[in-house]
2 protein chains.
Amino acid sequence: MQNSFTEENYLKIIHNLSGRDDLEVSTNALAESTATRAASVTDMLRKLAEKGLIHYKKYQGVRLTEEGQKVALKVIRKHRLWEVFLVEKLGFGWDEVHDIAEELEHIPSDRLVERLDAYLDHPQFDPHGDPIPDAKGNMPAPDYLKLSDIPLGHRALMMGVLEHTPAFLQHLDRSGLTLGCEIEIKEVNEFDKSAQIQINSQRTLFISQEVSRNVLVQRL
Amino acid sequence: MQNSFTEENYLKIIHNLSGRDDLEVSTNALAESTATRAASVTDMLRKLAEKGLIHYKKYQGVRLTEEGQKVALKVIRKHRLWEVFLVEKLGFGWDEVHDIAEELEHIPSDRLVERLDAYLDHPQFDPHGDPIPDAKGNMPAPDYLKLSDIPLGHRALMMGVLEHTPAFLQHLDRSGLTLGCEIEIKEVNEFDKSAQIQINSQRTLFISQEVSRNVLVQRL
DNA sequence: AAAAAAATTTAGGGCTGTCTAAAAATGTAT
DNA sequence: ATACATTTTTAGACAGCCCTAAATTTTTTT
Ligand SMILES: [Mn+2]
Ligand SMILES: [Mn+2]
Ligand SMILES: [Mn+2]
Ligand SMILES: [Mn+2]
């Protein structure tokens, strides 16, 4: 009674959409995220409920059960560990690894995951700054701020991103914004919230609000 | 028009069964290797023929087309590279890696394969001594002998195995028979072809014909 | 060259995961 | 409260890959 590739994807997506507060996830939201139609989602929800992986009442949205949560966190753990491997060991850019990890996350061996984790020195975060659940399914929930919420004149460390598209990540690369860099807000334009920032007390840079809302930081 | 997981497995198995001489492979042999029934094999053969990956005439057995050969060798390349990774980098035993590689071989990224190959320093052989095709699909066909064909008193280097089951590989481990070891035939019992051999000019060992027929060697 | 045996294909279905179209339930607005 | 809009579920179907049972073709034996 193994979970299929597709079932794992649904569970992972339900986890991501329900957020830290474990909100109900709607059929339409799942249809959007899985790139399928609402009718297909309903079929799958029935099956996942049957297997005890989600709480599902018709027309009421879904939440993961304890068991479903465990499966989702295992998939997320594998995804993020493989991303670390691809970047740290194989030299991929952080903009290239998501789609490959999307496949690798479904390779089933527990022994493989644990050895990979050890080989990578038990990393806490993936290349995008997302936390990696441990083998027991514990995942820290760091409370980062959006760069757009840092007040003028203050400094912060870049810790992650909200947007994971290659286009956005490549844009950050070209701007010199990488995980761990120190950012100081030098100027904010009121009418469009674009900003001038200084990176590592050196180069200064103009960024749009679109960028500053998708960069996660920790105040200094 | 990507090939499915299942299609790739059929192509790889057809390649392995047709051997160096590219012999025709029978429906029953495929049913056996894929652990399915002959009727299911026929369905798949029709589809693979449709896609131009095999030559198939009803009741005549199958052979790979040029295109099918290319796909099969890519899958074999990935399988064997992942096996090297699992043994060399993650510390798995050669008896543990086959099933995991059976999954990893279907991960599709070409860039991933080439980077993995480079990371492993372009290995020529997998942990079982099987040759790894290069990126263009060229695979050397080493002409090893079975240990059972080495005459009394002669020496040989262990280069590979014919049998890949965990049970057999673990038996070799317990016997101290590893790739690269030097073997001298000290004595052969006529009635059951069991033999006494000496490993690396040190320890001597009794082995059954079952073992000596499944160990590949190169004469010294 | 039949007849018998073995191998292979065809017929008819099942299960998974998807779809479109239609029906039902829920939410919103007057 | 009723009508309209939106969301969700049901109905019916299809492609991929598998199955058993029956028919057909090839191979082997007599
Ligand atoms: Mn990712
Ligand atoms: Mn990530
Ligand atoms: Mn193998
Ligand atoms: Mn191997």
Side-chain angles (χ1 to χ4, degrees), chain A residues 1-15 17-19 23-64 68 71-72 75 102-103 105-108, chain B residues 1-15 17-19 23-64 68 71-72 75 102-103 105-108:
Chain A
M1 207 81 356
Q2 265 256 103
N3 302 307
S4 73
F5 190 104
T6 310
E7 287 163 351
E8 288 189 348
N9 278 332
Y10 270 86
L11 294 172
K12 189 183 61 163
I13 290 169
I14 292 168
H15 175 96
L17 291 178
S18 69
L23 301 171
E24 262 129 33
V25 177
S26 75
T27 301
N28 267 358
L30 282 169
E32 162 105 42
S33 287
T34 56
T36 63
R37 299 317 180 90
S40 310
V41 172
T42 300
D43 284 348
M44 180 58 80
L45 294 184
R46 204 197 317 282
K47 184 163 47 139
L48 292 173
E50 195 84 12
K51 294 178 83 169
L53 296 166
I54 60 174
H55 297 294
Y56 172 54
K57 260 167 284 168
K58 291 202 302 191
Y59 296 98
Q60 301 306 126
V62 289
R63 295 215 324 273
L64 295 176
V71 175
V75 176
E102 207 58 42
E103 310 271 338
E105 71 189 1
H106 302 292
I107 302 289
Chain B
M1 207 80 357
Q2 266 255 104
N3 301 308
S4 74
F5 191 104
T6 310
E7 287 164 351
E8 288 189 348
N9 278 333
Y10 269 85
L11 294 173
K12 189 183 61 164
I13 290 170
I14 293 168
H15 176 96
L17 291 178
S18 68
L23 300 171
E24 261 128 32
V25 177
S26 75
T27 301
N28 266 358
L30 283 168
E32 161 106 41
S33 288
T34 55
T36 63
R37 299 316 180 91
S40 309
V41 172
T42 300
D43 283 350
M44 180 57 82
L45 295 184
R46 206 196 316 282
K47 185 166 43 144
L48 292 174
E50 196 84 12
K51 295 178 83 169
L53 296 167
I54 60 173
H55 297 294
Y56 172 54
K57 260 167 284 168
K58 291 202 304 190
Y59 296 98
Q60 301 306 128
V62 290
R63 295 215 323 274
L64 295 175
V71 175
V75 177
E102 207 59 42
E103 310 271 338
E105 72 188 1
H106 303 291
I107 303 287

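All chains are named by letter (A, B, ...) in the order of the sequence lines, taking the proteins before the strands, and each is independently numbered beginning at 1.
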If you restrict it to nitrogen or oxygen atoms, what contacts under 3.5 Å exist between nucleotides 1-5 of chain C and the protein, and what is each distance?
none

Item to check | Trace of the salt bridge (Lys or Arg N to Asp or Glu O under 4.0 Å) decision for A:E102 with A:K12 | outcome: CA-CA 11 Å; A:E102 207 58 42; A:K12 189 183 61 163; 2.4 Å; yes
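Residue A:N28 has its side chain nearest to D:dT7 when only D:dT7, D:dC18, D:dT10 are considered. Checking D:dT9, C:dT9, C:dT18 against the side-chain heavy atoms of B:T27 singles out C:dT9 as nearest. With D:dT20, C:dT18, C:dT20 as the choices, the nucleotide that has an atom nearest any side-chain atom of B:R37 turns out to be D:dT20. Taking only side-chain atoms of B:K58, from C-beta outward, the nucleotide of D:dC19, C:dT9, D:dC18 with the closest atom is C:dT9. In this structure, of D:dT8, C:dT9, C:dC19, it is D:dT8 that holds the atom nearest to the side chain of A:Y59. Closest to the side chain of B:A39, from the set C:dT10, D:dT10, C:dT8, is C:dT10. In the set D:dC18, C:dT9, C:dT18, D:dC18 carries the atom at the smallest distance from any side-chain atom of B:Y10.
Using a 4.0 Å heavy-atom criterion, one finds that B:T36 contacts the sugar-phosphate atoms exclusively. Here A:Y56 lies in heavy-atom contact (under 4.0 Å) with sugar-phosphate atoms only. Using a 4.0 Å heavy-atom distance criterion, A:S40 is classed as a base contact.
Going from atom CE of B:M44 over to atom C1' of C:dT10 covers 17 Å, rounded to whole Å. Look at CG on A:L45: it is 11 Å from P on C:dT18, rounded to the nearest Å. As a whole-Å value, the separation of A:L48 CG from C:dT16 P is 12 Å. If you take CD of A:Q60 and P of C:dA24, they are 19 Å apart, rounded to a whole angstrom. Taking atom CG of residue A:D43 and atom P of nucleotide D:dA11, one finds them 11 Å apart after rounding to whole Å. The CD atom of A:E32 sits 12 Å away from the P atom of D:dT7 (whole-angstrom rounding). Going from atom NZ of B:K57 over to atom P of C:dT8 covers 16 Å, rounded to whole Å. A:F5 places its CZ atom 16 Å from the C1' atom of D:dG16, with the value rounded to the nearest Å.
One finds the CE atom of A:M44 at 13.0 Å from the CD atom of A:E50 (value rounded to the nearest 0.5 Å). Remark: B:E103 CD to A:E103 CD distance equals 12.5 Å, nearest 0.5 Å. One finds the CD atom of B:Q2 at 7.0 Å from the CD atom of B:E8 (value rounded to the nearest 0.5 Å).
Nearest-nucleotide assignment on DNA chain C puts the 5′-proximal partner with B:V41, out of A:E7 and B:V41. Toward the 5' end of DNA chain C, the nearer of the two residues B:A38 and A:T6, judged by each one's closest nucleotide, is B:A38.
Here the rule is side-chain contact (heavy atoms from CB on, under 4.5 Å) with B:V62, and of B:L48, B:T27, B:L45 only B:L45 fits it. Each of B:V41, B:L30, B:T6 was scored for a side-chain contact (heavy atoms from CB on, under 4.5 Å) with B:T36, with one residue passing: B:V41.
In this structure, B:T42 reaches the C:dT9 phosphate: one of its side-chain N or O atoms is under 4.0 Å from OP1 or OP2.
Proximity of B:N3 to B:L53: side-chain heavy atoms (C-beta onward) are separated by under 4.5 Å at one or more points.
Qualifying side-chain contact (heavy atoms from CB on, under 4.5 Å) partners for B:N28, counting only residues two or more places apart in sequence or in other chains: B:S26, B:A38.
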